[in-house]
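What you see is a predicted model, and the numbers here were worked out from it, not measured in a lab. Along the sequence shown, residues are numbered consecutively beginning with 1. All values below come from the heavy atoms of this structure, side chains included, with hydrogens, waters and symmetry mates left out.
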Amino acid sequence: MGMPVGRIASFVDRERLWSRHMALGRIGTFGETGVNRPALSALDGEARAQLVSWGRRISLLPSTDPIANLFLELPGSQPELAPVLIGSHLDSQPTGGRFDGVFGVLAALETLEAMVAAGYRPRRSVVLVAWTNEEGSRFAPGMMGSAAFAGARPLEPILALRDADGISVADALAGLAAGEADLPRRPLGFRPAAYVEPHIEQGPVLEAAGRPVGIVSGIQGKRTWRVTVRGAEAHAGTEPHASRRDALMAAVEMIAALKRHLDDPADIVRFTVGRLDVTPNAPSVVPSRVVFSIDLRHPDAGTLLRLGDGVAGLCVSAAGRCEVEVEALLHDPPLEFAPGLRARMRGIADALELPWQDIASGAGHDARHLALLGPAAMIFVPCRNGISHNEAEYAAPEHLHAGARLLAETAARLAEADDDEIRELAS
């Protein structure tokens with residue numbers, strides 16, 4: 001492309017980008033700055049409708065697929081070529097903030113706004129995507145939309161998943177579709193030329209280094225489980241301890257055994273029990289059933305495999321008189337993003353005079369699944385004190401602007417690349 005580096009980035013509007021973050025932050029708001037916007041909920045539908053409305057103002061073409069991934073397309077001059085895909089997600093954690101996921105979607109929208117404002121028509125189509133259920137807080141596991149899109153998980157079992165209220169994904173999709181009847185439907189999945197996902201860091205590294213952008217080297221591995229412990233209800237004042245089948249006490253023993261097994265003096269292992277549901281959850285009743293989650297992460301594939309393979313046995317050994325079922329939900333090995341694409345992004349950041357650094361991601365992202373289809377990369381921007389999945393989550397307007405500028409210029413360069421250049425990005 002003959003256009004000088006920085007031309008598209010110069011049309012990225014910092015104030016518009018910030019105001020749209022604040023607008024979406026009001027959908028599902030709680031407290032002063034918190035956001036609770038569950039996947040496939042009415043609030044999710046409201047956020048999607050707002051995104052489509054913004055896109056239509058600049059003649060972007062909206063569409064959705066069988067898992068409700070949402071797309072806004074800026075058609076290229078050679079639409080038969082594989083498109084450039086950019087974006088992230090709109091759903092939040094129950095106690096989320098205004099920037100996780102949303103920044104990637106709005107940076108992608110701002111990229112398309114900048115291209116239109118510059119009078120630039122890309123060679124390849126450039127497509128914004130908002131992935132369905134990245135967080136996994138309503139339907140587990142997360143990254144559901146991108147996994148189905150990339151073929152990492154089949155669609156039918158996903159549709160059968162249910163939330164805590166017993167609502168299936170299929171039913172939730174039907175409810176969402178009723179409000180999006182005017183959106184064209186497209187088949188599930190296609191192979192993009194490349195995928196770039198911007199995101200807040202969700203850690204303290206960039207802020208401590210004083211750098212506005214990070215080029216993400218890869219994502220550490222992750223394994224998750226759902227553990228169901230079954231005992232028997234009994235009166236708290238009359239049932240002897242010797243005969244109790246206390247599901248909560250058994251779960252506590254399991255969690256303690258897992259903590260000992262996963263203890264890591266180097267503090268590299270990440271082990272979390274983030275959810276624990278107790279039945280009947282009454283003060284004077286011995287619990288009959290407990291369901292808890294296990295989230296295990298590590299950057300080394302062999303270590304993740306070895307540690308994770310011990311989880312089920314430890315739970316069974318600590319169950320006592322209770323019964324236990326350990327259901328493996330997810331096993332994603334560590335991932336390295338496309339070296340050539342990352343090198344290209346470093347060069348663009350230098351040309352834009354954006355201080356950058358390479359950085360690894362401790363959190364999972366939809367880019368993991370898109371890396372199965374071709375060159376993929378991520379852009380991180382700092383978040384204050386590294387806080388995320390929290391009402392206090394905050395990213396400064398100037399950092400959001402920097403990340404969007406890097407995305408816009410990267411997407412423009414990718415949109416002009418021929419197939420040989422795209423292939424080189426993977427190496």
Closest approach of [X] to [Y] (non-hydrogen atoms, all atoms of both residues):
| X | Y | answer |
| --- | --- | --- |
| Ala395 | Trp18 | O-CZ3, 3.3 Å |
| Pro375 | Ile422 | CG-O, 3.6 Å |
| Pro198 | Val196 | CD-O, 3.8 Å |
| Ala68 | Leu176 | CB-CD2, 3.9 Å |
| Pro382 | Pro212 | CD-O, 3.2 Å |
| Ile8 | Ala412 | CG1-CB, 3.9 Å |

For the residue pair [X] and [Y], establish whether any side-chain heavy-atom pair is separated by less than 4.5 Å.
| X | Y | answer |
| --- | --- | --- |
| Ile219 | Phe337 | yes |
| Met254 | Phe292 | yes |
| Val129 | Tyr195 | yes |
| Arg48 | Thr132 | yes |
| Pro94 | Ser137 | yes |
| Ile294 | Val311 | yes |
| Ile67 | Leu173 | yes |
| Arg37 | Asp91 | no |

Any side-chain donor-acceptor pair under 3.5 Å between [X] and [Y]?
| X | Y | value |
| --- | --- | --- |
| Ser168 | Asp171 | yes |
| Gln202 | Asp100 | yes |
| Asp300 | His298 | no |
| Arg123 | Ser77 | no |

Next on the checklist: For Leu206 and Ile359: C-alpha separation, side-chain torsions, deciding distance, then whether side chain to side chain contact (heavy atoms under 4.5 Å, CB included) applies.
Outcome noted: CA-CA 8 Å; Leu206 291 175; Ile359 183 171; 4.0 Å; yes

Is it true that a side-chain atom of [X] and a backbone atom of [Y] form a donor plus acceptor pair closer than 3.5 Å?
| X | Y | answer |
| --- | --- | --- |
| Gln220 | Gly362 | yes |
| Ser146 | His369 | no |
| Glu110 | Asp13 | yes |
| Asn385 | Ile387 | no |
| Thr33 | Glu391 | yes |
| Asp358 | Ser217 | no |
| Glu15 | Ser19 | no |
| Glu134 | Met143 | no |
| Asp165 | Ile167 | no |
| Glu323 | Arg230 | no |

Next on the checklist: For Glu325 and Thr228: C-alpha separation, side-chain torsions, deciding distance, then whether side-chain hydrogen bond (donor to acceptor under 3.5 Å, both in side chains) applies.
Outcome noted: CA-CA 5 Å; Glu325 176 187 357; Thr228 302; 4.7 Å; no

Does the distance from a Lys or Arg side-chain N to an Asp or Glu carboxylate O, for [X] and [Y], drop under 4.0 Å?
| X | Y | result |
| --- | --- | --- |
| Asp295 | Lys222 | yes |
| Arg384 | Glu207 | no |
| Arg368 | Asp366 | no |
| Arg260 | Asp263 | no |
| Asp163 | Arg138 | yes |
| Asp182 | Arg56 | yes |
| Arg223 | Asp309 | yes |
| Arg20 | Glu113 | yes |
| Glu421 | Arg413 | no |

Next on the checklist: Before you tell me yes or no, could you show the steps for Arg342 and Glu336 under salt bridge (Lys or Arg N to Asp or Glu O under 4.0 Å), namely the whole-Å CA-CA distance, both residues' side-chain angles and the distance that decides it to 0.1 Å?
Outcome noted: CA-CA 10 Å; Arg342 286 155 45 206; Glu336 180 186 6; 3.2 Å; yes

Looking at [atom1] of [X] and [atom2] of [Y], how far apart are the two atoms once the value is rounded to the nearest 0.5 Å?
| X | Y | atom1 | atom2 | value |
| --- | --- | --- | --- | --- |
| Thr64 | Leu188 | OG1 | CG | 10.0 Å |
| Glu201 | Cys383 | CD | SG | 6.0 Å |
| Asp44 | Leu70 | CG | CG | 9.0 Å |
| Asp419 | Leu81 | CG | CG | 6.0 Å |
| Leu400 | Phe99 | CG | CZ | 6.0 Å |
| Thr410 | Met345 | OG1 | CE | 5.0 Å |

Item to check | Residue among Leu296, Leu304, Thr224 satisfying side-chain contact (heavy atoms from CB on, under 4.5 Å) with His331 | outcome: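 Of the listed options, the one satisfying the test is Leu304.
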
Item to check | Geometric class of the Phe149/Phe71 ring pair [parallel <30°, tilted 30-60°, perpendicular >60°] | outcome: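 It falls in the tilted class, 30° to 60°.
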
Checklist entry - Checking side chain to side chain contact (heavy atoms under 4.5 Å, CB included) for the pair Leu61/Leu72: CA distance, chi angles, key distance, verdict? => result CA-CA 5 Å; Leu61 305 179; Leu72 294 174; over 6 Å; no

Item to check | Tyr394 and His399: CA distance, side-chain angles, deciding distance, side chain to side chain contact (heavy atoms under 4.5 Å, CB included) verdict | outcome: CA-CA 11 Å; Tyr394 180 82; His399 294 149; over 6 Å; no

Next on the checklist: Check this for me: Arg186, atom CZ, are more than 12 non-hydrogen atoms of other residues, nucleotides or ligands nearer than 6.0 Å?
Outcome noted: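 Yes - once you tally the heavy atoms of other residues, nucleotides and ligands closer than 6.0 Å, there are more than 12.
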
Next on the checklist: With a sphere of 6.0 Å drawn around CD of Glu80, does it hold more than 12 non-hydrogen atoms of other residues, nucleotides or ligands?
Outcome noted: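 For Glu80, atom CD is crowded (more than 12 foreign heavy atoms under 6.0 Å).
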
Next on the checklist: Could you walk me through whether Leu51 and Leu109 satisfy the side chain to side chain contact (heavy atoms under 4.5 Å, CB included) test, starting with their C-alpha distance in whole Å, then the side-chain angles of each, then the deciding distance to 0.1 Å, before giving a yes or no?
Outcome noted: CA-CA 8 Å; Leu51 183 66; Leu109 179 59; 4.0 Å; yes

Item to check | Test of ring centre spacing under 6.0 Å for Phe380 and His365 | outcome: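 Yes; His365 has its ring centre under 6.0 Å from that of Phe380.
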
Item to check | Phe103 and His199 aromatic centres sub-6.0 Å | outcome: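 No - the distance between ring centres of Phe103 and His199 does not fall below the 6.0 Å cut-off.
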
Next on the checklist: salt bridge (Lys or Arg N to Asp or Glu O under 4.0 Å), that's the test. Do Glu393 and Arg98 meet it? Break it down for me.
Outcome noted: CA-CA 7 Å; Glu393 179 182 279; Arg98 297 173 292 180; over 6 Å; no

